[in-house]
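Scroll down for the structure; my scribbles are underneath it.
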Amino acid sequence: MTDLTRRTVVAGTAAVADSVGSTSTQAAAPPAGKQAPGVYRYKVGSHEVTVLTDGVRMFPLTESYITNAPIADVRKALAEVYLPPDKMIHHYAPIVVNTGAKLVLIDTGSGPGALKQTNGELGQLLQNLVAAGIKPGDIDAVVISHFHGDHVNGLLDENNKLAFPNAEVLVPATEWKFWMDDGEMSRASKGRMEDLFKNNRRIFDALGRKVTQYEWNKELAPGLMPIPTVGHSIGHTSYVLTSGSAKLYIQSDVTNNPDLFARHPDWSANFDQDGPQAIATRRKVYDMLVAEKMLVQGFHYPFPGLARIEKAEAGYRVVPATWSPTL
Ligand SMILES: [Zn+2]
């Protein structure tokens with residue numbers, strides 16, 4: 001029997017330290033100094049889904065972030081899930097769906113401009129795409145869920161050309177109609193909304209407005225169905241991906257960070273275009289996800305963003321799916 005006294009443990013440790021550290025000619029392993037590629041893959045029936053992180057942004061929490069709850073309550077909610085109570089964290093993760101016939105990218109992240117501005121924190125999609133073994137030219141279709149910068153800015157490369165040169169760009173018809181309407185733009189409030197209109201003109205004008213508008217509830221690719229989930233924006237779209245009996249709900253921005261908005265579904269972020277409508281949509285979608293026990297992929301979930309939803313006291317709990325080393 002081993003008599004594991006303090007003496008033998010200390011002696012053993014010293015022996016190991018000796019054997020590792022005694023020769024001064026051995027070079028220390030240099031630290032990598034950067035994160036490894038953010039790629040995760042899983043299957044939905046015969047479809048293969050590749051999740052690619054576009055990065056993370058952390059910024060000071062302000063009074064105006066949540067429009068209908070006191071900041072003290074928001075700080076408390078963050079502390080309850082061991083997050084810094086004075087900061088907000090936004091995660092970003094577009095996905096590629098391989099339907100067998102086509103490679104479909106859903107949303108494009110914040111683009112190469114953000115990669116420079118944030119010193120690599122955001123705009124990582126293209127480098128992670130390449131790390132996943134997919135070339136931008138391999139993408140057959142880019143499907144956009146809604147026209148906010150973290151979803152459309154990555155459509156353009158650093159030369160202001162389509163970053164996915166062989167892709168058809170598919171956009172929700174309702175979203176297109178609103179953001180490309182000159183009358184709507186002239187009535188936009190100063191600040192964020194006006195900036196969004198300008199940004200969308202910048203992006204889509206660079207593409208010569210060459211897009212395919214799509215309607216809800218009509219398949220975009222085999223098994224990929226766009227579903228209206230309006231509120232966050234006027235034409236905000238989620239998707240159901242189906243293959244045989246397997247189903248995945250791709251929620252887009254039904255919630256932003258679920259640590260706040262799944263647990264507190266009635267809180268409105270200042271970036272929800274129609275707060276009450278966004279809340280109603282969120283509750284309807286999450287009640288359905290609970291009832292169906294359906295897997296959900298969240299664009300703004302912590303990476304890799306695959307989970308199931310359970311009912312919790314006032315809202316919902318996100319239960320991350322188990323990581324799998326194989327497909
Ligand atoms: Zn978003």
Side-chain angles (χ1 to χ4, degrees), residues 38 51-59 61 64-67 88-96 105-115 117-118 121-126 128 142-156 163 169-172 174-176 178-179 191-193 195-200 202-204 226-239 249-262 264-265 267-275 277-279 281-282 285-286 296-307 318:
V51 189
L52 305 152
T53 180
D54 192 52
V56 168
R57 191 163 71 93
M58 191 188 275
F59 52 93
L61 176 71
S64 62
Y65 180 77
I66 301 289
T67 60
M88 193 58 214
I89 300 173
H90 282 183
H91 307 262
Y92 305 83
I95 63 173
V96 172
L105 171 66
I106 304 182
D107 289 332
T108 64
S110 291
L115 191 68
Q117 276 166 25
T118 64
E121 281 181 10
L122 259 190
Q124 299 179 356
L125 171 66
L126 286 181
N128 283 320
V142 180
V143 173
I144 297 294
S145 66
H146 65 295
F147 284 17
H148 291 168
D150 52 326
H151 299 259
V152 297
N153 285 3
L155 277 167
L156 300 183
V169 177
L170 296 113
V171 301
T174 307
E175 197 74 348
W176 180 265
F178 176 74
W179 293 105
R192 181 171 174 274
M193 282 303 278
D195 292 348
L196 280 172
F197 274 97
K198 284 182 186 158
N199 187 54
N200 285 321
R202 175 181 73 83
I203 301 279
F204 292 110
I227 311 285
T229 46
V230 302
H232 178 61
S233 76
I234 204 158
H236 182 266
T237 302
S238 302
Y239 310 88
Y249 196 87
I250 301 161
Q251 75 148 16
S252 310
D253 289 18
V254 169
T255 69
N256 198 289
N257 192 330
D259 287 330
L260 271 196
F261 298 102
H264 299 275
W267 284 359
S268 280
N270 61 21
F271 42 77
D272 284 340
Q273 191 174 345
D274 181 337
Q277 178 66 66
I279 290 167
T281 295
R282 190 147 54 235
V285 169
Y286 274 51
V296 59
Q297 175 68 43
F299 185 90
H300 290 295
Y301 279 23
F303 188 77
L306 179 65
V318 172

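Quick note: residue numbers are just sequence positions, from 1. Every number for a ligand or one of its atoms is a count from 1 in the order of the listing. Computation of the quantities below employed the complete heavy-atom set of this structure, encompassing side-chain atoms and omitting hydrogens, waters and symmetry-equivalent molecules. Only a predicted model underlies this, so the values are computations on that prediction, with no experimental measurement involved.
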- Item | Metal site the Zn ion (ligand 1): N/O/S of His148 inside 2.8 Å | no
| said: Any N/O/S atom, side chain or main chain, of His151 closer to the Zn ion (ligand 1) than 2.8 Å? | reply: yes
The N/O/S atom of Asp253 lying closest to the Zn ion (ligand 1) is OD2
| query | Is the cationic atom of Arg282 (NZ for Lys, CZ for Arg) positioned less than 6.0 Å from the six-membered ring centroid of Tyr286 and within 45 degrees of its normal? | reply | no
Here the N/O/S atom of Asp150 closest to the Zn ion (ligand 1) would be OD2
Which of Asp150, Asn257, Thr255, Ile89 passes side-chain contact (heavy atoms from CB on, under 4.5 Å) with His300? It is Asp150
Taking every heavy atom of Thr237 against every heavy atom of Thr229, the minimum-distance pair comes out as C-OG1, 3.6 Å
The side chain to side chain donor-acceptor pair (under 3.5 Å) partners of Asn200 (sequence neighbours excluded) come to none
